[in-house]
Number of protein chains: 2
Amino acid sequence: MGEIHPLPQRRAFRDIVSKAIDPCETCTARSLTICAPLSAEEQLRMASLTTVIPLKPRQVLFREGDEAEFVYNITCGSVSLSKSLADGRRQITGFLGAGDFMGLNTRTAYTVTAEALNDVRVCRFPRAEFRKLLSEMPSLEQRLLAVTETELATAHEQILLLGRKTAMERIASFLLRQSERARARGLAPNPVSLPMTRAEAADYLGLTIETVSRCFTKLRKQDVISLPSADRVMIRQPDRLRALAEAA
Amino acid sequence: MGEIHPLPQRRAFRDIVSKAIDPCETCTARSLTICAPLSAEEQLRMASLTTVIPLKPRQVLFREGDEAEFVYNITCGSVSLSKSLADGRRQITGFLGAGDFMGLNTRTAYTVTAEALNDVRVCRFPRAEFRKLLSEMPSLEQRLLAVTETELATAHEQILLLGRKTAMERIASFLLRQSERARARGLAPNPVSLPMTRAEAADYLGLTIETVSRCFTKLRKQDVISLPSADRVMIRQPDRLRALAEAA
DNA sequence: CGACCCCTTGAGGCTTCTCAAAATCCGTGG
DNA sequence: CCACGGATTTTGAGAAGCCTCAAGGGGTCG
């Protein structure tokens, strides 16, 4: 038994995990971070529960108010989370990337809408089984608590931005944050790449697309940034941008 | 041994817990909710780590950026969490009450400032020991995860409010939320009692005190609410208030 | 090559902020 | 019990920032 099991298990592990956790090569390292603290057996158990789902740009994974049947983990691509008012006004509450979880809330309904920004792959876990798994794997739960606390701190940062910063301060903060985020993920921090449209950036920053565009133009005219293309921002004067991020 | 231990333990438990978890009679039921899922032994362990600290109104418990030496649990009273910009602009990210935890973030520094709104008692836990305790008590960790996820959902709701709602919508949402919160805590939902000043409400809603006051006046003149005193709001027409909460 | 989508630019209006002052509340002390 | 002082709240007038509406560019894909 001791001799026979390891190999098949290892093989099954590779097969299933590679299908589940490692679907696209460019983001392997990223998606594994969430599973790094888990043992091989634990990773296998997680993998056996999961279904890989590919999403096209703008495809909606779930909507605010839908019954929360599944928990998702992003393995590749970017997703926006948003909430809307009855008349259509939309607020994007955050952007998630590889390694992030969605649908963890304890309620029975999703509290936000999740939509793919670009080509995305997610791992889907049936909710009940995921929770059961959690209670049996303290290391995963510990990790989720840490991740959720970080998300909460990020949300508080966004609350400060939306409640007290001017349009220009929001844009400057946003660019610096995106740059820092890229750096943390091991990507080039400059020029900043923006996977979202102006509309999405505006809905994230509590502004209109016109205001976002005007701020970009103003920064460009002051030579603080340059715009090689609409979705890439070159930060030419980081110090001035940092000063603008909280200068009334 | 089996005969001797139970009694002293029970006695020590009562002594320490009553000092730690149950300092003021009016909020006993509340503060126990967080410990309800724990066994007596676990409660005892938690209690043995804790120091009870009383706070006067407006007293600061910790500041954003301070080294996060302790984790706190509120047993009595209300606390505001806030972040500030260099020039003094302040944004309150949320209000906490009995049963809520503070300072759980994984970072080494607090990400917000905590300040007492009224007379408050908190239980203080040395950070390192609290984390060690957590890893040994999955039920507590599970509960913390659930609580943190709820806080995250609340933060997202606030992000929607700050990013997309008008001043009047913010005020209406705020009043309804405070009323609902009171109901959930077993208090009278109407009239709504506001433990915070206009300045604190404004800093929470991303407005100025003048705008908050003007909205209250307008609602009063339309007979949607009445103001028996500055810190009590009687909701006279709940339906109209609900309609105002997201009517452009 | 044209249509469509997204982004940019412009003009005017509205909501909210800023600055200023009056009114109200509340604890203190005569 | 009333007068007083300070803090908080309310009210007012004007200004500013951002939004709305509208039109003009630029890139991409069929």
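Residue numbering restarts at 1 for every chain, and letters A, B, ... go by the order of the sequence lines. Please read these numbers as outputs of a predicted model, since none were measured by experiment.
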Once you round it to whole Å, what is the distance between [atom2] of [N] and [atom1] of [X]?
{"X": "B:R89", "N": "D:dG17", "atom1": "CZ", "atom2": "P", "answer": "12 Å"}
{"X": "B:L207", "N": "D:dT10", "atom1": "CG", "atom2": "C1'", "answer": "16 Å"}
{"X": "A:R198", "N": "D:dG27", "atom1": "CZ", "atom2": "P", "answer": "13 Å"}
{"X": "A:E200", "N": "C:dC5", "atom1": "CD", "atom2": "P", "answer": "15 Å"}
{"X": "B:L227", "N": "C:dT24", "atom1": "CG", "atom2": "P", "answer": "14 Å"}
{"X": "B:I225", "N": "D:dT9", "atom1": "CD1", "atom2": "C1'", "answer": "14 Å"}
{"X": "A:I171", "N": "C:dT8", "atom1": "CD1", "atom2": "C1'", "answer": "14 Å"}
{"X": "B:I209", "N": "D:dT10", "atom1": "CD1", "atom2": "P", "answer": "10 Å"}

Legend entry - Cation-aromatic face contact A:R127/A:F70, 6.0 Å, 45 degrees: no
Inset, instruction - Using atom types as modelled and distance alone, determine if a side-chain donor or acceptor of A:E169 lies under 3.5 Å from a backbone N or O of A:L244. - result: no
Please determine if a side-chain N or O atom of [X] lies less than 4.0 Å away from the OP1 or OP2 oxygen of [N].
{"X": "A:R58", "N": "C:dC6", "result": "yes"}
{"X": "A:T211", "N": "D:dC19", "result": "yes"}
{"X": "B:T217", "N": "D:dT11", "result": "yes"}
{"X": "A:R220", "N": "C:dT9", "result": "yes"}
{"X": "B:T208", "N": "C:dC17", "result": "yes"}
{"X": "B:R214", "N": "C:dT16", "result": "no"}

Legend entry - Parallel, tilted or perpendicular, as decided by the 30° and 60° cut-offs, for the rings of B:Y72 and B:Y110: tilted
Legend entry - Candidate nucleotides D:dT8, D:dA22, C:dA20, ranked by approach to the side chain of B:E210 - the nearest: C:dA20
Legend entry - Heavy-atom side-chain contact between A:R232 and A:V192 under 4.5 Å: no
Legend entry - First of A:K165 and B:V212 reached from the 5' end of DNA chain D, by closest nucleotide: B:V212
Inset, instruction - For B:S229 and for A:A230, find the nucleotide of DNA chain C with the closest heavy atom, then tell me which residue's nucleotide is more 5'. - result: A:A230
Inset, instruction - Rounded to the nearest 0.5 Å, what's the gap from CD1 on B:I209 to CG on B:L205? Could you check? - result: 13.0 Å
Inset, instruction - Would you classify A:T197 as touching base, sugar-phosphate or nothing, given that sugar-phosphate means primed atoms plus P, OP1 and OP2, and contacts are heavy atoms under 4.0 Å? - result: sugar-phosphate
